[in-house]
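Since the model is a prediction, treat every value here as computed from it, not as a measurement. Whatever order the structure lists ligands and atoms in, that order sets their numbers, starting from 1. We count residues from 1, following the sequence as given.
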Amino acid sequence: MKHSLYYKFILGYLAFWLLSFAAISTLSARMMYRHQTEIYAEAMYDEANMIATSYSSVYLGKKQDMDTAYAQLQAVAEFVKAEVWIVNRQGTIVADSAGSARVKTEIEGFDPAGTGNKSYSTGDYYGQFPYDVLSVSAPITGNYNTYGYVLVHVPVSIIWETSNQSLNVIYISAAVIFALSLIILLVFTKTVYFPLKRITEGANEYAAGNLEHHIELNTRDEMGYLAATLNYMSGELDKMEVYQRNFIANVSHDFRSPLTSIKGYLEAIIDGTIPPEMYEKYLTRVIAETERLTKLTQGMLTLNSLDSKGYLSRTSFDINRVIKDTAATFEVTCNARDITFDLTFSEAILMVYADLGKIQQVLYNLIDNAIKFSHHGSTIYIQTYTRNEKIFVSVKDTGIGIPKDSVKKIWERFYKSDQSRGKDKKGTGLGLAIVKEIIQAHGENIDVISTEDVGSEFIFSLPRSAGA
Ligand code: ADP
């Protein structure tokens with residue numbers, strides 16, 4: 001990953017610091033220099049004024065010892081690392097702190113007001129210096145007259161030096177902040193970059209089909225949450241894959257056995273193994289097997305339609321009525337096995353809001369099972385009652401019951417207990433899976449209480465009709 005997020009971040013980070021240092025070395029340096037110039041100019045002006053005041057006393061007729069004046073001039077010059085001149089009105093240097101080096105020199109084009117509004121000027125001062133200086137001037141006045149000027153010059157290089165020293169402080173501070181800001185980089189690397197890398201690796205594994213891959217990330221932040229979500233997603237996809245494989249295996253198995261027996265019977269008829277007088281018996285078996293195949297196909301289609309959401313067409317109807325009608329359809333089977341129904345309704349009419357056709361199927365499957373697994377001459381109890389705004393329906397038999405280790409599995413598609421395989425050859429193992437899907441689609445629950453050799457009770461809830 002050439003242009004990864006990480007490198008972009010580092011590049012941005014370095015660019016930020018490069019620009020910061022560039023800004024310090026240009027903008028800040030200039031600002032610092034200007035600031036220092038002003039400080040210097042102010043200090044120099046104060047000194048110049050001080051000297052000018054002491055000189056003005058000379059012109060006022062007071063006695064002034066020139067030696068002391070020179071000493072003062074030199075002391076001041078030394079103190080501010082400057083050169084101090086006394087210039088008369090015509091622009092002739094009368095005294096110079098650097099000794100007599102420039103005394104009597106005429107300053108060509110001397111204009112004391114040359115600095116304009118500024119109290120200082122920079123440059124070579126009328127060609128007097130081979131380098132740039134900062135110059136300030138203060139007039140020597142007395143008796144409303146200007147007698148001359150005190151000029152103070154400081155080489156610009158000294159001001160640069162001072163401002164650079166202050167700039168160093170900024171550089172060092174910036175360097176320390178730069179070092180400290182590496183912490184941000186470290187935190188980013190640890191909390192964003194590495195987790196993201198692991199998540200990307202995980203996503204690539206999933207894309208390559210390795211759904212068992214687990215993204216190892218247990219942080220309690222957004223990254224951890226994302227990793228957990230992806231782990232959950234891959235887990236669910238993996239389960240789905242396993243489920244689909246099992247589903248196909250089950251379907252193939254359940255289709256193969258009736259097909260094998262159909263093929264066997266028909267071949268035996270054709271090759272004469274089965275004599276014509278036995279045809280009816282075996283063809284009846286063939287029909288029974290095709291019926292089983294039809295039932296299987298029907299069950300699978302029902303389950304498939306239940307998988308796609310938004311299929312319920314709910315209406316309000318009396319559940320007691322539906323129970324009575326469904327039980328009535330089993331009359332012939334019940335009479336044959338001497339099984340009776342015991343219906344108990346807590347209220348004469350119990351209105352529910354559900355999909356009538358689907359609930360009829362639920363009742364049909366439950367009653368069908370209850371009869372299938374009941375003993376000759378027993379009773380099947382069906383009850384309805386209300387509790388907490390819900391209506392409960394219970395279908396109870398006193399039949400063979402369900403072994404403990406099978407109870408959880410009965411809801412699985414194609415599950416048939418070993419006993420029922422022998423007893424009930426027509427069962428597809430889809431009945432209860434369909435029942436559960438329908439009840440769950442209604443947002444309701446179904447449960448079973450069963451004891452082997454005692455009996456089973458299936459209880460499910462339904463929403464009470466709002467108008468009832
Ligand atoms: P089938 O079509 O084979 O009945 P179901 O999904 O309806 O499939 O039931 C699955 C299994 O649950 C049955 O094979 C049986 O072992 C068990 N079972 C369901 N209902 C009962 C019951 N009332 N009594 C005992 N066992 C039951």
*Relative to the heavy atoms of S456, which atoms of ligand 1 are at a distance of less than 4.0 Å?*
22 (C), 24 (N), 25 (C)
*Which class fits the ring pair W17 and F21: parallel under 30°, tilted 30 to 60°, perpendicular over 60°?*
tilted
_ligand 1 N/O within reach of F373 N/O, cut-off under 3.5 Å_ = no
*asked:* Please work out, at 4.0 Å between heavy atoms, whether the side chain, the backbone, both, or neither of L366 comes within that distance of ligand 1.
replied: neither
*Given T122 and D132, is the side-chain hydrogen bond (donor to acceptor under 3.5 Å, both in side chains) satisfied, shown in steps?*
CA-CA 7 Å; T122 45; D132 279 354; over 6 Å; no
_Side chains of S135 and Y125, donor plus acceptor under 3.5 Å_ = no
*For ligand 1, which atoms sit closer than 4.0 Å to a heavy atom of K416?*
3 (O), 14 (O)
*Taking both backbone and side-chain atoms of A433, is any N or O found less than 3.5 Å from an N or O belonging to ligand 1?*
no
*Which of parallel (below 30°), tilted (30 to 60°) and perpendicular (above 60°) describes H213 and Y206?*
perpendicular
*Using a strict 4.0 Å cut-off to heavy atoms of K372, name the atoms of ligand 1 that fall inside it.*
1 (P), 2 (O), 4 (O)
*May I ask you to list the atoms of ligand 1 that are less than 4.0 angstrom from any heavy atom of L432?*
5 (P), 6 (O), 7 (O), 9 (O), 12 (O), 19 (C)
*Any idea which of S450, G401, G399 brings a heavy atom closest to atom 25 (C) of ligand 1?*
G401
*On the 0 to 90° scale, with breaks at 30° and 60°, tag the Y193-Y6 ring pair as parallel, tilted or perpendicular.*
parallel
_So if I count the atoms of ligand 1 from 1 in the order they appear, which ones are less than 4.0 Å from some heavy atom of I402?_
25 (C), 26 (N), 27 (C)
*Numbering the atoms of ligand 1 from 1, which are under 4.0 Å from a heavy atom of G431?*
5 (P), 6 (O), 7 (O), 8 (O)
*asked:* Please list, in number order, the atoms of ligand 1 under 4.0 Å from a heavy atom of G429.
replied: 1 (P), 2 (O), 3 (O), 6 (O), 8 (O)
*State whether R285 and E289 are salt-bridged, where the test is any N-O pair (Lys NZ or Arg NE/NH1/NH2 against Asp/Glu carboxylate O) under 4.0 Å.*
no
*asked:* Any carboxylate oxygen within less than 4.0 angstrom of a Lys/Arg side-chain nitrogen, looking at K239 and E236?
replied: yes
_W411 touching ligand 1 at heavy-atom level, < 4.0 angstrom_ = no
*Would you please say whether a donor-acceptor pair under 3.5 Å links the side chains of Y385 and S394?*
no
*Looking at ligand 1, does any of its N/O atoms fall within less than 3.5 Å of an N/O of D397?*
yes
*Examine the side chains of S461 and E444 and answer whether a donor and an acceptor come within less than 3.5 Å of each other.*
yes
*If you count the atoms of ligand 1 from 1 in the order shown, which ones are under 4.0 Å from a heavy atom of F458?*
20 (N), 23 (N)
